[in-house]
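Each remark here refers to the structure printed beneath this line.
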There are 2 protein chains.
Amino acid sequence: MARKYIDNPNACTLVHTMNIIGNKWKPIIIYLLSNGPLRFGMLNTLMPTISKKVLTNQLKELESDGLLLRKSFAEIPPRVEYSLTERASGLLPVLKQLSDWANDTYPEIDFEECRIIDSNKKQKNSVD
Amino acid sequence: MARKYIDNPNACTLVHTMNIIGNKWKPIIIYLLSNGPLRFGMLNTLMPTISKKVLTNQLKELESDGLLLRKSFAEIPPRVEYSLTERASGLLPVLKQLSDWANDTYPEIDFEECRIIDSNKKQKNSVD
DNA sequence: GCCATCGGTTACTTTTTGGTTACCACTAAT
DNA sequence: ATTAGTGGTAACCAAAAAGTAACCGATGGC
(Lines give C-alpha, C1' and ligand atoms only; values in the text may rest on other atoms or scores of the structure.)
Protein backbone atom coordinates (compact mmCIF):
# COMPACT_ATOMS: atom_id res chain seq x y z
CA MET A 1 0.00 0.00 0.00
CA ALA A 2 0.86 3.63 -0.33
CA ARG A 3 3.23 3.03 -3.17
CA LYS A 4 5.15 6.04 -4.26
CA TYR A 5 5.70 5.04 -7.83
CA ILE A 6 3.81 4.09 -10.93
CA ASP A 7 4.65 0.56 -12.01
CA ASN A 8 3.11 0.67 -15.42
CA PRO A 9 5.84 0.41 -18.05
CA ASN A 10 3.81 2.22 -20.69
CA ALA A 11 3.20 5.13 -18.40
CA CYS A 12 6.87 5.14 -17.49
CA THR A 13 8.12 5.32 -21.02
CA LEU A 14 5.66 8.13 -21.60
CA VAL A 15 7.05 9.95 -18.60
CA HIS A 16 10.51 9.48 -19.99
CA THR A 17 9.56 10.72 -23.44
CA MET A 18 7.90 13.75 -21.96
CA ASN A 19 10.95 14.48 -19.86
CA ILE A 20 12.95 14.57 -23.07
CA ILE A 21 10.73 16.43 -25.49
CA GLY A 22 7.73 17.56 -23.49
CA ASN A 23 8.39 21.23 -23.20
CA LYS A 24 7.92 24.48 -24.97
CA TRP A 25 10.91 24.47 -27.30
CA LYS A 26 12.32 21.04 -27.88
CA PRO A 27 9.78 19.71 -30.35
CA ILE A 28 10.16 22.90 -32.35
CA ILE A 29 13.91 22.60 -32.43
CA ILE A 30 13.67 19.02 -33.60
CA TYR A 31 11.13 19.97 -36.18
CA LEU A 32 13.23 22.83 -37.52
CA LEU A 33 16.24 20.57 -37.83
CA SER A 34 14.31 17.96 -39.77
CA ASN A 35 15.33 19.48 -43.10
CA GLY A 36 19.02 19.49 -42.33
CA PRO A 37 21.57 21.03 -40.00
CA LEU A 38 21.22 24.60 -38.81
CA ARG A 39 23.55 26.98 -37.11
CA PHE A 40 22.93 28.39 -33.68
CA GLY A 41 22.17 31.81 -35.01
CA MET A 42 19.74 30.49 -37.57
CA LEU A 43 17.84 28.56 -34.95
CA ASN A 44 17.64 31.74 -32.95
CA THR A 45 16.32 33.61 -35.97
CA LEU A 46 13.69 30.98 -36.63
CA MET A 47 12.60 31.10 -33.01
CA PRO A 48 12.76 34.83 -32.46
CA THR A 49 11.31 34.72 -28.97
CA ILE A 50 13.61 32.20 -27.38
CA SER A 51 16.50 33.69 -25.46
CA LYS A 52 20.04 32.64 -26.23
CA LYS A 53 20.41 31.28 -22.75
CA VAL A 54 17.42 29.02 -23.04
CA LEU A 55 18.31 27.97 -26.57
CA THR A 56 21.79 27.00 -25.44
CA ASN A 57 20.26 25.05 -22.63
CA GLN A 58 17.75 23.16 -24.72
CA LEU A 59 20.39 22.29 -27.29
CA LYS A 60 22.65 20.96 -24.58
CA GLU A 61 19.92 18.81 -23.09
CA LEU A 62 18.89 17.47 -26.48
CA GLU A 63 22.50 16.67 -27.21
CA SER A 64 23.01 14.86 -23.94
CA ASP A 65 19.84 12.86 -24.56
CA GLY A 66 21.34 11.76 -27.83
CA LEU A 67 18.95 13.56 -30.12
CA LEU A 68 21.26 16.22 -31.45
CA LEU A 69 24.76 16.36 -32.84
CA ARG A 70 26.81 19.47 -32.26
CA LYS A 71 29.53 20.15 -34.79
CA SER A 72 31.82 23.02 -34.05
CA PHE A 73 34.10 24.42 -36.76
CA ALA A 74 37.42 25.97 -35.84
CA GLU A 75 36.74 29.28 -37.51
CA ILE A 76 36.59 32.87 -36.50
CA PRO A 77 33.91 34.00 -36.00
CA PRO A 78 32.81 30.64 -34.68
CA ARG A 79 30.46 28.35 -36.53
CA VAL A 80 28.44 25.61 -34.90
CA GLU A 81 26.02 23.34 -36.64
CA TYR A 82 23.32 21.26 -35.02
CA SER A 83 21.78 18.23 -36.66
CA LEU A 84 19.48 15.40 -35.71
CA THR A 85 20.75 11.98 -34.75
CA GLU A 86 19.16 8.70 -35.77
CA ARG A 87 17.35 8.64 -32.47
CA ALA A 88 15.72 11.93 -33.21
CA SER A 89 14.78 10.91 -36.74
CA GLY A 90 12.70 8.13 -35.31
CA LEU A 91 10.74 10.75 -33.50
CA LEU A 92 9.86 12.79 -36.56
CA PRO A 93 6.88 10.74 -37.72
CA VAL A 94 5.45 10.83 -34.23
CA LEU A 95 5.84 14.57 -34.00
CA LYS A 96 4.14 14.79 -37.35
CA GLN A 97 1.23 12.83 -35.94
CA LEU A 98 1.00 15.05 -32.91
CA SER A 99 0.87 18.01 -35.20
CA ASP A 100 -1.77 16.37 -37.40
CA TRP A 101 -3.78 15.48 -34.37
CA ALA A 102 -3.96 19.09 -33.28
CA ASN A 103 -4.91 20.17 -36.77
CA ASP A 104 -7.73 17.65 -37.00
CA THR A 105 -8.91 18.02 -33.45
CA TYR A 106 -8.99 21.76 -33.15
CA PRO A 107 -10.28 22.90 -36.54
CA GLU A 108 -11.37 26.20 -34.99
CA ILE A 109 -7.78 27.21 -34.40
CA ASP A 110 -5.73 28.90 -37.08
CA PHE A 111 -2.21 27.56 -37.03
CA GLU A 112 -0.87 29.77 -39.79
CA GLU A 113 1.41 31.57 -37.44
CA CYS A 114 1.87 31.34 -33.74
CA ARG A 115 3.24 33.89 -31.47
CA ILE A 116 5.51 32.07 -29.18
CA ILE A 117 5.09 34.72 -26.60
CA ASP A 118 2.86 33.36 -23.88
CA SER A 119 -0.52 33.13 -25.49
CA ASN A 120 -2.53 33.61 -22.31
CA LYS A 121 -1.36 37.13 -21.70
CA LYS A 122 -1.88 40.13 -23.89
CA GLN A 123 1.22 41.34 -25.64
CA LYS A 124 2.25 44.85 -26.57
CA ASN A 125 3.62 44.57 -30.10
CA SER A 126 4.07 41.30 -31.86
CA VAL A 127 5.66 42.64 -35.02
CA ASP A 128 7.99 45.58 -35.40
CA MET B 1 12.82 41.67 -39.67
CA ALA B 2 12.73 41.15 -35.96
CA ARG B 3 9.69 38.93 -36.13
CA LYS B 4 8.25 37.96 -32.84
CA TYR B 5 6.49 34.83 -33.94
CA ILE B 6 7.08 31.55 -35.68
CA ASP B 7 5.20 31.35 -38.95
CA ASN B 8 5.60 27.68 -39.61
CA PRO B 9 2.19 25.96 -39.32
CA ASN B 10 3.61 22.57 -38.46
CA ALA B 11 5.70 24.01 -35.71
CA CYS B 12 2.66 25.89 -34.43
CA THR B 13 0.45 22.86 -34.14
CA LEU B 14 3.27 21.15 -32.32
CA VAL B 15 3.46 24.06 -29.92
CA HIS B 16 -0.24 23.79 -29.37
CA THR B 17 -0.13 20.06 -28.76
CA MET B 18 2.68 20.49 -26.29
CA ASN B 19 0.80 23.21 -24.49
CA ILE B 20 -2.01 20.75 -24.02
CA ILE B 21 -0.28 17.52 -23.10
CA GLY B 22 3.40 18.35 -22.77
CA ASN B 23 3.91 18.27 -19.06
CA LYS B 24 4.61 15.97 -16.20
CA TRP B 25 1.19 14.59 -15.50
CA LYS B 26 -1.22 14.98 -18.37
CA PRO B 27 -0.03 12.15 -20.60
CA ILE B 28 -0.16 9.85 -17.60
CA ILE B 29 -3.67 10.91 -16.74
CA ILE B 30 -4.79 10.30 -20.30
CA TYR B 31 -3.03 6.99 -20.35
CA LEU B 32 -4.61 5.88 -17.08
CA LEU B 33 -8.05 6.78 -18.33
CA SER B 34 -7.62 4.84 -21.55
CA ASN B 35 -9.19 1.73 -20.04
CA GLY B 36 -12.30 3.48 -18.85
CA PRO B 37 -13.47 6.16 -16.43
CA LEU B 38 -11.81 6.59 -13.08
CA ARG B 39 -12.76 8.49 -9.98
CA PHE B 40 -10.73 11.33 -8.60
CA GLY B 41 -9.56 9.31 -5.65
CA MET B 42 -8.51 6.40 -7.84
CA LEU B 43 -6.45 8.67 -10.05
CA ASN B 44 -4.80 9.98 -6.93
CA THR B 45 -4.08 6.44 -5.78
CA LEU B 46 -2.58 5.53 -9.13
CA MET B 47 -0.41 8.63 -9.05
CA PRO B 48 0.56 8.64 -5.40
CA THR B 49 3.01 11.50 -5.72
CA ILE B 50 0.77 14.06 -7.32
CA SER B 51 -0.85 16.44 -4.89
CA LYS B 52 -4.59 16.88 -4.87
CA LYS B 53 -4.22 20.49 -5.82
CA VAL B 54 -2.18 19.73 -8.89
CA LEU B 55 -4.36 16.80 -9.86
CA THR B 56 -7.43 19.01 -9.65
CA ASN B 57 -5.68 21.56 -11.78
CA GLN B 58 -4.56 19.18 -14.48
CA LEU B 59 -8.00 17.63 -14.68
CA LYS B 60 -9.58 21.05 -15.07
CA GLU B 61 -7.20 22.02 -17.81
CA LEU B 62 -7.70 18.77 -19.67
CA GLU B 63 -11.42 19.23 -19.35
CA SER B 64 -11.32 22.76 -20.68
CA ASP B 65 -9.18 21.61 -23.60
CA GLY B 66 -11.89 19.13 -24.41
CA LEU B 67 -9.96 15.99 -23.60
CA LEU B 68 -11.76 14.93 -20.47
CA LEU B 69 -15.33 14.58 -19.35
CA ARG B 70 -16.18 15.21 -15.75
CA LYS B 71 -19.26 13.46 -14.45
CA SER B 72 -20.36 14.32 -10.99
CA PHE B 73 -22.92 12.15 -9.19
CA ALA B 74 -25.26 13.67 -6.66
CA GLU B 75 -24.30 11.34 -3.85
CA ILE B 76 -22.91 11.62 -0.43
CA PRO B 77 -20.03 11.15 -0.10
CA PRO B 78 -19.45 12.70 -3.51
CA ARG B 79 -18.50 10.71 -6.55
CA VAL B 80 -16.87 12.16 -9.62
CA GLU B 81 -15.82 10.21 -12.65
CA TYR B 82 -13.43 11.32 -15.31
CA SER B 83 -13.35 9.84 -18.77
CA LEU B 84 -11.73 10.54 -22.11
CA THR B 85 -13.52 12.36 -24.89
CA GLU B 86 -13.30 11.48 -28.55
CA ARG B 87 -10.61 14.09 -28.95
CA ALA B 88 -8.48 12.40 -26.39
CA SER B 89 -9.06 8.96 -27.87
CA GLY B 90 -7.49 10.17 -31.07
CA LEU B 91 -4.40 10.90 -29.09
CA LEU B 92 -4.01 7.43 -27.64
CA PRO B 93 -2.27 5.81 -30.61
CA VAL B 94 0.17 8.68 -30.75
CA LEU B 95 0.93 8.41 -27.06
CA LYS B 96 1.47 4.72 -27.62
CA GLN B 97 3.99 5.54 -30.34
CA LEU B 98 5.80 7.99 -28.11
CA SER B 99 6.03 5.30 -25.52
CA ASP B 100 7.23 2.75 -28.07
CA TRP B 101 9.78 5.20 -29.36
CA ALA B 102 11.33 5.56 -25.93
CA ASN B 103 11.37 1.82 -25.48
CA ASP B 104 13.14 1.24 -28.77
CA THR B 105 15.43 4.20 -28.56
CA TYR B 106 16.67 3.84 -25.03
CA PRO B 107 17.10 0.09 -24.63
CA GLU B 108 19.51 0.69 -21.78
CA ILE B 109 16.76 2.07 -19.60
CA ASP B 110 14.55 -0.16 -17.52
CA PHE B 111 11.00 1.08 -17.66
CA GLU B 112 9.56 -1.52 -15.35
CA GLU B 113 8.71 1.02 -12.74
CA CYS B 114 9.29 4.70 -12.53
CA ARG B 115 9.31 6.81 -9.51
CA ILE B 116 7.27 9.82 -10.29
CA ILE B 117 9.07 11.68 -7.59
CA ASP B 118 11.42 14.15 -9.19
CA SER B 119 14.12 11.92 -10.58
CA ASN B 120 16.95 14.42 -10.28
CA LYS B 121 16.86 14.56 -6.52
CA LYS B 122 17.58 11.76 -4.13
CA GLN B 123 14.58 10.47 -2.31
CA LYS B 124 14.18 9.12 1.19
CA ASN B 125 11.93 6.09 0.80
CA SER B 126 10.20 5.13 -2.37
CA VAL B 127 8.21 2.29 -0.89
CA ASP B 128 6.65 2.05 2.55
C1' DG C 1 42.71 51.61 -32.48
C1' DC C 2 37.92 50.36 -32.90
C1' DC C 3 34.01 48.05 -34.22
C1' DA C 4 31.38 43.95 -35.92
C1' DT C 5 30.63 38.90 -36.00
C1' DC C 6 29.23 34.38 -33.66
C1' DG C 7 28.25 31.37 -30.13
C1' DG C 8 28.03 31.39 -26.28
C1' DT C 9 28.42 32.49 -20.46
C1' DT C 10 27.33 34.94 -16.14
C1' DA C 11 24.65 37.12 -12.73
C1' DC C 12 20.31 38.50 -11.68
C1' DT C 13 15.13 38.78 -11.78
C1' DT C 14 10.57 37.22 -12.98
C1' DT C 15 7.21 33.81 -14.05
C1' DT C 16 5.44 29.34 -13.80
C1' DT C 17 4.80 25.16 -11.74
C1' DG C 18 4.44 22.13 -8.07
C1' DG C 19 3.89 21.07 -3.21
C1' DT C 20 2.04 21.39 1.92
C1' DT C 21 -1.18 22.02 5.17
C1' DA C 22 -5.44 23.06 6.83
C1' DC C 23 -10.09 23.24 5.99
C1' DC C 24 -15.07 22.56 4.08
C1' DA C 25 -19.78 20.30 3.05
C1' DC C 26 -22.65 16.56 3.63
C1' DT C 27 -24.20 12.18 5.37
C1' DA C 28 -23.92 7.56 7.66
C1' DA C 29 -22.17 4.88 11.07
C1' DT C 30 -20.30 4.45 15.84
C1' DA D 1 -21.12 13.98 19.76
C1' DT D 2 -17.62 12.34 16.93
C1' DT D 3 -15.52 10.33 13.24
C1' DA D 4 -14.84 8.68 8.48
C1' DG D 5 -15.17 9.23 3.58
C1' DT D 6 -15.05 12.08 -0.95
C1' DG D 7 -13.72 15.69 -3.88
C1' DG D 8 -12.39 19.31 -3.61
C1' DT D 9 -10.54 24.84 -2.19
C1' DA D 10 -7.46 28.58 -0.03
C1' DA D 11 -3.37 30.44 1.65
C1' DC D 12 1.11 30.06 1.59
C1' DC D 13 5.82 28.50 0.09
C1' DA D 14 9.70 26.25 -2.62
C1' DA D 15 11.79 25.01 -6.72
C1' DA D 16 12.34 25.06 -11.53
C1' DA D 17 12.17 27.27 -15.82
C1' DA D 18 12.51 31.18 -18.48
C1' DG D 19 13.85 35.91 -19.48
C1' DT D 20 17.21 40.18 -19.48
C1' DA D 21 21.26 42.52 -20.02
C1' DA D 22 25.94 42.75 -20.00
C1' DC D 23 30.03 40.65 -21.26
C1' DC D 24 33.78 37.58 -23.58
C1' DG D 25 37.51 35.92 -27.09
C1' DA D 26 39.51 35.72 -31.52
C1' DT D 27 39.89 37.76 -35.88
C1' DG D 28 39.08 40.59 -40.05
C1' DG D 29 38.04 44.95 -41.98
C1' DC D 30 38.12 49.96 -41.77
Side-chain angles (χ1 to χ4, degrees), chain A residues 1 4 15 18-29 33 37-64 68-83 115-124, chain B residues 2 4 15 18-29 33 37-64 68-83 115-124:
Chain A
M1 282 289 136
K4 294 232 178 6
V15 171
M18 283 309 168
N19 282 340
I20 292 179
I21 57 150
N23 79 349
K24 192 172 171 180
W25 299 111
K26 288 179 184 172
I28 308 178
I29 295 174
L33 289 173
L38 289 174
R39 296 177 62 173
F40 183 89
M42 193 55 194
L43 283 168
N44 208 171
T45 302
L46 294 170
M47 294 180 284
T49 60
I50 196 175
S51 65
K52 284 203 290 183
K53 191 195 90 174
V54 174
L55 179 53
T56 305
N57 229 307
Q58 305 291 295
L59 291 171
K60 271 185 190 161
E61 288 181 16
L62 286 169
E63 195 194 353
S64 88
L68 250 56
L69 219 69
R70 181 182 181 278
K71 191 169 172 189
S72 168
F73 297 82
E75 302 175 3
I76 296 292
R79 178 157 65 107
V80 177
E81 275 185 6
Y82 291 92
S83 56
R115 282 137 224 284
I116 289 302
I117 294 172
D118 224 19
S119 50
N120 352 358
K121 61 176 59 161
K122 45 248 125 237
Q123 23 187 302
K124 320 154 193 215
Chain B
K4 294 233 176 12
V15 171
M18 283 310 170
N19 282 340
I20 291 179
I21 58 151
N23 80 351
K24 192 172 171 181
W25 298 112
K26 287 179 182 173
I28 307 177
I29 294 174
L33 289 173
L38 289 174
R39 298 177 61 175
F40 182 90
M42 193 54 193
L43 283 168
N44 207 173
T45 302
L46 293 170
M47 295 179 283
T49 60
I50 197 176
S51 64
K52 281 202 293 180
K53 191 196 89 173
V54 174
L55 179 53
T56 305
N57 231 307
Q58 306 291 294
L59 291 172
K60 271 185 191 163
E61 289 181 14
L62 286 170
E63 195 194 354
S64 86
L68 251 57
L69 218 69
R70 181 179 181 280
K71 192 169 172 186
S72 168
F73 297 82
E75 304 175 359
I76 296 291
R79 178 158 65 106
V80 177
E81 273 185 6
Y82 291 90
S83 56
R115 282 139 224 281
I116 289 299
I117 293 173
D118 225 18
S119 50
N120 352 358
K121 60 176 62 159
K122 45 243 128 245
Q123 25 187 298
K124 321 153 193 216

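Proteins get letters first, then strands, A, B, ... in listed order; numbering begins at 1 in each.
Counting only heavy atoms from C-beta outward, the side chains of Val54(A) and Lys24(A) never approach each other to under 4.5 Å. The side-chain heavy atoms of Arg70(B) and Val80(B), taken from C-beta on, include a pair separated by under 4.5 Å. Counting heavy atoms from C-beta outward, Leu33(B) and Leu43(B) have side chains that approach closer than 4.5 Å.
Separating the CD1 atom of Ile50(A) from the C1' atom of dT20(D) is a distance of 14 Å, rounded to the nearest angstrom. Spacing between atom CG of Leu55(A) and atom P of dA18(D) amounts to 12 Å, rounded to whole angstrom units. Remark: P of dT6(D) and CG of Leu38(B) are 15 Å apart, rounded to the nearest angstrom. For the pair Asn44(A) CG and dT20(D) P, the computed distance is 12 Å after rounding to whole Å. One atom, CZ of Arg79(B), and another, C1' of dC26(C), lie 16 Å apart when rounded to the nearest Å. One atom, CE of Met42(B), and another, P of dG7(D), lie 12 Å apart when rounded to the nearest Å. Going from atom CZ of Phe40(A) over to atom P of dT5(C) covers 16 Å, rounded to whole Å. Between the CG atom of Leu68(A) and the P atom of dG7(C) there is a distance of 14 Å, given to the nearest Å.
No contact: Glu81(B) has no heavy atom under 4.0 Å from any strand. Contacts of Tyr82(B) with the nucleic acid, taken as non-hydrogen atoms under 4.0 Å apart, involve only primed sugar atoms and P, OP1 or OP2.
Note on Lys60(B): a side-chain N or O is less than 4.0 Å away from OP1 or OP2 of dT9(D). Side-chain nitrogen and oxygen atoms of Lys24(B) include at least one within less than 4.0 Å of the OP1 or OP2 phosphate oxygen of dG19(C). Checking the phosphate oxygens (OP1, OP2) of dG8(C), a side-chain nitrogen or oxygen of Arg70(A) falls inside 4.0 Å. When the side-chain nitrogen and oxygen atoms of Arg39(A) are compared with OP1 and OP2 of dG7(C), one or more of them lie within a distance under 4.0 Å.
Taking the nucleotide of DNA chain C with the nearest heavy atom to each of Lys53(A) and Val80(A), the more 5' of the two is matched to Val80(A). Residue-to-nucleotide proximity on DNA chain D shows that, of Gln58(A) and Pro77(B), the 5′-proximal contact is made by Pro77(B). With the nearest nucleotide of DNA chain C identified for both Pro78(B) and Lys52(A), Lys52(A) has the one nearer the 5' end.
In this structure, CH2 on Trp25(B) lies 3.5 Å from OG1 on Thr49(B), to the nearest 0.5 angstrom.
Distance from the side chain of Asn23(B) is smallest for dG18(C) among the nucleotides dG18(C), dG8(C), dG8(D). In this structure, the nucleotide among dG8(C), dT27(D), dG5(D) sitting nearest to the side chain of Ile76(B) is dG5(D).
Looking at every heavy atom in both residues, Pro78(A) comes nearest to Arg39(A) through O-NH2, 3.5 Å.
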